[in-house]
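Hydrogens, waters and symmetry mates are skipped; everything else that's a heavy atom, side chains included, is used. What you are looking at is a predicted structure, and each value in this text was computed from that prediction instead of being measured.
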Amino acid sequence: MDRKKSFFCNALTLMTGTAIVQLIPLAISPVLTRMYTPEDFGLFAAFMSFVAVFGMIATGRYELAIMLPKKEKDALNVLALTTVLILFCSIIVTILMLSFDEQIASLLQNPNLRYCLYLVGIYIFFYSSFQAFTYWSNRKKQFQRLALAKVTVALVTGALSIIFGFFTALPFGLVIGALVGQGIGTLLYLTVILKEDHIRFRWITRSRMMRNASRFRNFPKLNLPHAFSDVLQANGIVFLISTFHGTSELGAYSLTMRVVQTPITLIGAAFAQVFYQKAVEVYRDDEDLQNFVKNSVRRLFFIGLPIFLGIFLVSPFLFGFLFGEEWKEAGIYAQILAPYMFIKFIVSPVSQLPSILDQQRTAFRYGVLFNFSIIVFVMAASAISHDMGTTITVMSCVGFFFTLGYGFLLFNMTRMKR
């Protein structure tokens, strides 16, 4: 009973912080959509796509391994290893962006993107470091610190986005606001860790880092390609929309995803962080992991059902009312995507089970099949129909059925372990 109370108290702490984090950009969206054009939102979406793709590589997925060692000195060396990888990758990405900025902007038919590419490496350093610090705090069950750090990023990002939109006519105000907000949040996070954990830094040695790198080699070997294919799929869709449908449609799609993914990041992501920490404990103690997963999925179903049903029923009207008539089409896209996002809301929080059960190879194969399929179907729909609504419908159908299948696959993994 104490474990259940602990799980839900921790989940509630994270969900409260995540709720604030998600409600801030959602609350200011009606303001931002009147300051920035769909093209500006499209520029921001393209920039964040590069961050997501390269940011995934930066950590080697070792941040997930921070939770796993029994000894804290091993976990700290995994954190140090992750930080070194992030710094190295950020430098390489910066050099690449400086070398190929014109070619990338030309390929995506977005001239303003060129100037934003120079900032990708810096953003990756802040963002990926933030993710690593988050897992360290999660391991130490410092959920209040974790929630506060995320709220800080959201507040600074939101405030600066409005300031740049109000006082300047720059199309990349959203990009600068996000960069500065992420930077401040990460530096504050680092300050707290240095203050509280600096005595333990003597545990960090090159030999321990290399030993843990070898011990958790399946994360860069299997988990990274799987996660990278997921990110490549999501951001490949962004690049396809930009190429086939233009920056304006990309901006509409970007706003759509910001809204329909809010429940996933608001509730699902917070639930996932606590689920991962608790699932590791359940598995270590040889308790009933399958029953724990079943109960978690059941709760997510009943939480998500009214939310996504509401999105399905009222989003076309709501988008036009809140964001302005030029954004009404984005509401139609939200309606089409609602079933897919609902099943994703349920499955995503438990999708880290393969890392716990050492079933990463199976998850990787399924993930590659799904990501390859959805990219092919979206590309075919875009090339044949040249209609954004058709493209979104195809994406939603393929995503729904593949994600449902993945949910059954994850549940079967827990059954095999029993």
Side-chain angles (χ1 to χ4, degrees), residues 3-4 7-8 11 56 61 63-65 67-68 135 138 216-234 261 263-264 267-305 308 338-377 395-418:
R3 175 166 285 185
K4 287 184 179 178
F7 175 80
F8 287 107
M56 180 63 63
R61 298 298 279 173
E63 79 275 20
L64 295 175
M67 297 285 293
L68 299 181
Y135 278 95
N138 197 355
F216 297 109
R217 61 185 177 276
N218 275 349
F219 283 91
K221 184 179 176 182
L222 296 175
N223 192 288
L224 176 58
H226 183 188
F228 183 70
S229 69
D230 289 342
V231 170
L232 206 59
Q233 173 253 107
Q261 287 189 323
I264 297 174
I267 302 170
F271 198 95
Q273 287 178 328
V274 181
F275 172 87
Y276 185 54
Q277 183 264 332
K278 192 58 63 176
V280 169
E281 287 187 6
V282 170
Y283 182 67
R284 275 184 191 156
D285 298 340
D286 199 26
E287 297 181 12
D288 194 345
L289 180 61
Q290 185 183 101
N291 189 56
F292 176 68
V293 171
K294 187 190 298 182
N295 290 334
S296 299
V297 167
R298 185 185 296 118
R299 292 186 183 98
L300 286 165
F301 176 87
F302 287 111
I303 292 171
L305 183 61
F308 288 96
Y340 171 32
M341 292 299 124
F342 176 45
I343 198 69
K344 188 175 180 180
F345 171 82
I346 296 171
V347 174
S348 290
V350 300
S351 63
Q352 296 183 82
L353 279 170
S355 299
I356 301 171
L357 300 172
D358 198 25
Q359 294 287 333
Q360 294 162 316
R361 192 180 301 275
T362 302
F364 170 60
R365 289 169 180 165
Y366 190 92
V368 170
L369 176 63
F370 166 51
N371 293 327
F372 176 77
S373 299
I374 199 167
I375 285 290
V376 169
F377 276 100
M395 172 186 164
S396 185
C397 290
V398 175
F400 177 88
F401 287 109
F402 267 95
T403 306
L404 182 63
Y406 190 52
F408 283 112
L409 177 65
L410 291 172
F411 189 73
N412 283 333
M413 285 180 186
T414 64
R415 180 176 297 165
M416 288 186 288
K417 294 305 290 184
R418 295 293 295 171

Let me see the working for Gln359 and Leu353 under side-chain contact (heavy atoms from CB on, under 4.5 Å), right down to the final yes or no.
-> CA-CA 8 Å; Gln359 294 287 333; Leu353 279 170; over 6 Å; no

Got Leu224 and Phe219 here, is their nearest side-chain heavy-atom distance under 4.5 Å?
-> no

Can you name the nearest heavy-atom pair linking Pro349 to Leu300, along with the distance?
-> CG-CD1, 3.7 Å

Residue pair Met395 / Phe377, side-chain heavy-atom distance below 4.5 Å = no

Here the pair of heavy atoms bringing Lys294 nearest to Phe411 is CE-CZ, 3.9 Å

Report yes or no: does Thr403 contribute a side-chain atom to a donor-acceptor pair with the main-chain N or O of Phe400 at less than 3.5 Å?
-> no

Go through the structure and list residues passing side chain to side chain contact (heavy atoms under 4.5 Å, CB included) with Ser348, not counting sequence neighbours.
-> Lys344

Where do Val231 and Met56 come nearest, in terms of heavy atoms and distance?
-> CG2-CE, 3.1 Å

Test side chain to side chain contact (heavy atoms under 4.5 Å, CB included) applied to Arg361 - qualifying residues, sequence neighbours left out = Leu222, Arg365

Here the pair of heavy atoms bringing Leu410 nearest to Ser351 is CD1-CA, 3.8 Å

Is the distance between the ring centroids of Phe342 and Phe301 less than 6.0 Å?
-> yes

Return the set of residues passing side-chain hydrogen bond (donor to acceptor under 3.5 Å, both in side chains) with Gln261 (not counting sequence neighbours), or none when no residue passes.
-> none

Distance in Å, Ile346 CD1 paired with Leu404 CG, rounded so as to fall on 0.5 Å steps = 9.0 Å

If every non-hydrogen atom of Asn371 is compared with every non-hydrogen atom of Ile374, which pair is closest and at what distance?
-> O-CG2, 3.4 Å

So Tyr366 and Tyr406, would you call those rings parallel, tilted or perpendicular, with 30° and 60° as cut-offs?
-> parallel

Only one of Phe372, Phe408, Phe370 passes ring-ring contact (aromatic ring centres under 6.0 Å, His included) with Phe402, and that residue is Phe370

Value rounded to 0.5 Å, distance of CD in Gln290 from CG in Asn412 | 8.5 Å

Taking every non-hydrogen atom, the tightest pair across Phe216 and Ala65 | CG-CB, 3.7 Å

